[in-house]
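Here is the structure we will look at, set down as structure tokens.
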Amino acid sequence: MQNMKINDKNQEWIGNIPKNWTFKKIKYVLAQRNEKNIPIKSKDILSLTAKQGVIPYTEKEGGGNKPKTDFSAYKLAYPGDIVMNSMNILSGAVGLSKYFGCVSPVYYMLYCSNDEDDIRYFYYVFANKAFQSSLLGIGNGILMKESENGTFNTIRMRIPIEKLNNMSIPYPKPEIQKAIANFLDKKIGKIDEVSKKIQQEITDLEKYRKSIITKAVTTGLNKNIQMKDSNIDYINKMPSTWHLTRLKYILTERNQRSIDGKEMLLSVSQKKGVLPAYQVKRSIKANSLVGYKFVKQNDLVFNKLNPALARFGVSNYNGITSPDFSVYYSNKINIHFLSFLLKTSKYVTEYKRLCSGVGEGYTRLYTPTLYNIKVALPAIKEQNKIVDILNKKDKKIKRLIEKRKQLLLTLNRYKQSIIYEYVTGKKQVPTEEGAVE
């Protein structure tokens with residue numbers, strides 16, 4: 001198969017294509033569907049995520065913005081439409097809809113102008129990370145960071161439809177489009193099945209990890225110990241030998257401030273705890289660190305913003321942190337035991353109930369309120385033993401989770417390489433799969 005060279009800067013991501021292929025601008029291949037939901041034709045709200053594609057809003061993982069109650073504010077998407085989020089195309093927010101429904105007005109819906117073309121082929125072009133990255137130069141907005149798996153995070157970069165339409169993409173004959181789409185449907189489908197199983201293993205391991213921690217810090221190590229009522233909803237029953245106390249009696253707030261801001265800056269990751277700020281994604285350094293709070297080893301650093309996210313942990317470092325964080329220390333308990341306990345689900349629910357503020361993303365849990373929360377504690381000797389056991393089990397489970405996450409990254413890279421190679425003609429569909437010359 002002979003290749004032809006690229007002849008347009010917008011085609012650089014493609015490289016060479018087969019001689020019997022051509023390049024076409026998107027506007028000559030795909031038409032935009034810009035149909036408003038007026039009069040109301042659908043009340044079925046669809047959502048789009050990089051992970052799940054186009055799905056009913058009720059199936060969306062992880063929540064998000066609340067849907068509008070005014071259905072006339074939406075646009076319509078049809079089965080077979082390529083759906084793209086104009087603000088998040090770079091991070092992979094593109095999908096092929098199987099549904100008829102209403103979608104956000106920031107979404108683009110594209111369909112084939114020519115009935116002979118196969119929309120699935122063009123979806124795979126758009127789902128390719130190389131294509132998405134090529135859009136960086138035409139976007140309006142701010143790009144924060146590229147992650148280790150090649151996707152972009154923290155992006156609010158709008159891709160204007162006028163500029164998108166002028167991008168060139170490879171264009172094989174319709175019969176070749178169909179052969180490639182059929183092949184990729186099978187190949188990518190198998191990869192996605194394996195990835196789904198691995199993701200389920202990760203989910204199960206994380207649930208198992210949480211269950212082990214919860215059981216240890218709420219019932220202790222003695223399986224035969226007698227339990228008693230605590231008369232507190234978020235504690236329920238507690239071992240009869242444990243004692244109840246408020247956090248204000250075991251924690252002291254550290255509020256010393258940096259004079260010159262030259263100490264190591266620390267931040268808090270939801271999953272990894274307290275780390276040097278340069279290791280925490282989305283951590284933004286202020287112009288001046290003067291007045292930042294001191295943190296010492298074994299201090300509990302608590303992000304009081306959005307407390308239901310449970311972004312806190314025990315520091316292994318000396319340094320300073322943002323005044324938006326609360327810093328506590330204790331000479332009365334094992335602070336690691338308390339950290340494990342305060343991250344259990346019932347306490348996280350209690351933070352959400354007690355926090356101050358209005359609207360998502362603006363709630364806070366201040367020290368006086370935190371101090372009034374009660375905890376059930378064993379003797380310090382048992383606290384130490386529980387922490388030792390949990391640290392060992394926690395590390396083991398986290399290693400298993402990390403191995404599976406790395407496998408997911410490898411599968412995703414393999415998936416992307418396959419998509420790229422076939423939609424750009426670097427590889428030809430095997431004849432047994434229905435290849436067309």
Side-chain angles (χ1 to χ4, degrees), residues 204-254 268 270-271 273-274 298-315 325-357 363-394 397:
D204 291 342
L205 282 169
E206 288 176 338
K207 287 181 180 178
Y208 176 59
R209 172 179 170 269
K210 288 179 181 179
S211 69
I212 288 176
I213 292 172
T214 299
K215 184 172 179 58
V217 297
T218 57
T219 64
L221 302 175
N222 184 353
K223 297 179 180 179
N224 300 317
I225 196 164
Q226 185 177 354
M227 304 293 286
K228 65 180 181 181
D229 288 328
S230 67
N231 297 317
I232 299 170
D233 290 341
Y234 54 89
I235 295 178
N236 197 5
K237 291 186 178 294
M238 57 182 280
S240 58
T241 58
W242 292 22
H243 69 281
L244 276 174
T245 186
R246 294 184 189 276
L247 290 178
K248 65 181 178 181
Y249 298 124
I250 57 175
L251 290 179
T252 303
E253 186 168 14
R254 189 185 302 283
V268 181
Q270 188 175 10
K271 294 184 178 180
V274 183
N298 289 321
D299 281 357
L300 183 69
V301 183
F302 193 102
N303 188 340
K304 55 195 174 189
L305 180 66
N306 301 333
L309 296 177
R311 290 179 296 188
F312 61 87
V314 179
S315 179
F325 293 177
S326 297
V327 182
Y328 305 100
Y329 66 93
S330 179
N331 298 319
K332 300 177 181 179
I333 60 164
N334 186 316
I335 198 76
H336 294 277
F337 178 90
L338 185 65
S339 181
F340 277 126
L341 176 62
L342 294 181
K343 285 190 176 181
T344 57
S345 60
K346 286 190 176 181
Y347 277 96
V348 172
T349 300
E350 186 66 5
Y351 306 149
K352 192 170 184 179
R353 186 183 73 84
L354 294 173
C355 61
S356 305
T363 58
R364 284 177 167 78
L365 186 63
Y366 294 103
T367 295
T369 305
L370 180 71
Y371 270 177
N372 275 323
I373 292 176
K374 290 184 177 182
V375 291
L377 298 173
I380 189 68
K381 186 176 180 180
E382 187 173 357
Q383 290 179 37
N384 294 338
K385 191 172 183 181
I386 289 171
V387 168
D388 287 341
I389 291 172
L390 285 181
N391 280 338
K392 291 175 183 176
K393 289 185 176 181
D394 199 39
I397 296 172

For this session: With sequence neighbours excluded, tell me which residues meet ring pair (Phe, Tyr, Trp, His ring centres under 6.0 Å) with Phe325.
Result: none
Problem set entry | Closest non-hydrogen atom pair, Gly220 against Ile386 | CA-CD1, 4.1 Å
Seminar exercise, completed: Scanning both residues in full, the closest heavy-atom pair of Ile250 with Val375 reads CD1-CG2, 4.0 Å
Problem set entry | Exercise: identify the closest heavy-atom pair between Lys374 and Ile232 | CD-CD1, 3.3 Å
Exercise. If you measure from CG on Leu221 to NZ on Lys215, what distance do you get to the nearest 0.5 Å?
Worked result: 10.0 Å
Exercise. Can you tell me if Thr344 uses its side chain to pair, donor with acceptor, with the backbone of Thr214 under 3.5 Å?
Worked result: no
For this session: Count the heavy atoms of every other residue, nucleotide or ligand shown that sit under 6.0 Å from CG of Asp233, and state whether that count exceeds 12.
Result: no
Exercise. CH2 of Trp242 to OG of Ser240: how many Å apart, nearest 0.5 Å?
Worked result: 11.0 Å
For this session: Nearest 0.5 Å please: distance from the SG atom of Cys355 over to the CD atom of Glu350.
Result: 10.5 Å
Problem set entry | Arg254 (side chain) donor-acceptor with Tyr328 (main chain) under 3.5 angstrom | no
Problem set entry | Whether Phe302 and Tyr351 hold their rings parallel, tilted or perpendicular, with breakpoints at 30° and 60° | perpendicular
For this session: State, yes or no, whether a side-chain contact exists between Thr349 and Tyr234 at a heavy-atom distance under 4.5 Å.
Result: no
Atom pairs and distances, donor-acceptor, side-chain atoms in residues 332-342, under 3.5 Å, two or more places apart:
{"from": "Lys332", "atom 1": "NZ", "to": "Tyr249", "atom 2": "O", "distance (Å)": "2.9"}
{"from": "Asn334", "atom 1": "OD1", "to": "His336", "atom 2": "N", "distance (Å)": "2.9"}
{"from": "Asn334", "atom 1": "OD1", "to": "Phe337", "atom 2": "N", "distance (Å)": "3.4"}
{"from": "Asn334", "atom 1": "ND2", "to": "Asn384", "atom 2": "OD1", "distance (Å)": "2.8"}
{"from": "His336", "atom 1": "NE2", "to": "Asn298", "atom 2": "OD1", "distance (Å)": "3.3"}

Exercise. When rounded to the nearest 0.5 angstrom, what is the spacing between CZ in Arg364 and OG1 in Thr369?
Worked result: 13.0 Å
Exercise. Backbone N or O of Leu251 within a donor-acceptor pair of the Ser330 side chain at under 3.5 Å?
Worked result: no
For this session: For residues Tyr208 and Glu206, determine if any side-chain heavy atom of one lies less than 4.5 Å from a side-chain heavy atom of the other.
Result: no
Problem set entry | Side chain to side chain, Leu244 and Met238, heavy atoms closer than 4.5 Å | yes
Exercise. Is the side chain of Asp229 donor-acceptor paired with the backbone N or O of Asn231 at a distance under 3.5 Å, no angle test?
Worked result: no
Exercise. Do Thr219 and Ile225 have side-chain heavy atoms sitting under 4.5 Å apart?
Worked result: no
Exercise. Is the shortest heavy-atom distance from the side chain of Ser326 to the side chain of Glu253 under 4.5 Å?
Worked result: yes
Problem set entry | Lys237 vs Lys228 side-chain heavy atoms within contact, under 4.5 Å | no
For this session: Would you mind reporting whether Asp394 and Ile213 have side-chain heavy atoms less than 4.5 Å apart?
Result: yes
Exercise. Are the side chain of Arg311 and the backbone of Leu305 linked by a donor-acceptor contact shorter than 3.5 Å?
Worked result: yes
Problem set entry | Basic-acidic side-chain contact under 4.0 Å: Glu382, Lys385 | no
Exercise. Distance from Leu365 atom CG to Leu354 atom CG, nearest 0.5 Å?
Worked result: 6.5 Å
For this session: Identify the two heavy atoms, one from Val348 and one from Ala308, that lie closest to each other, and give their separation to 0.1 Å.
Result: CG1-O, 3.0 Å
Exercise. Given side chains that start at C-beta, do those of Leu370 and Ile373 come closer than 4.5 Å, heavy atoms only?
Worked result: yes
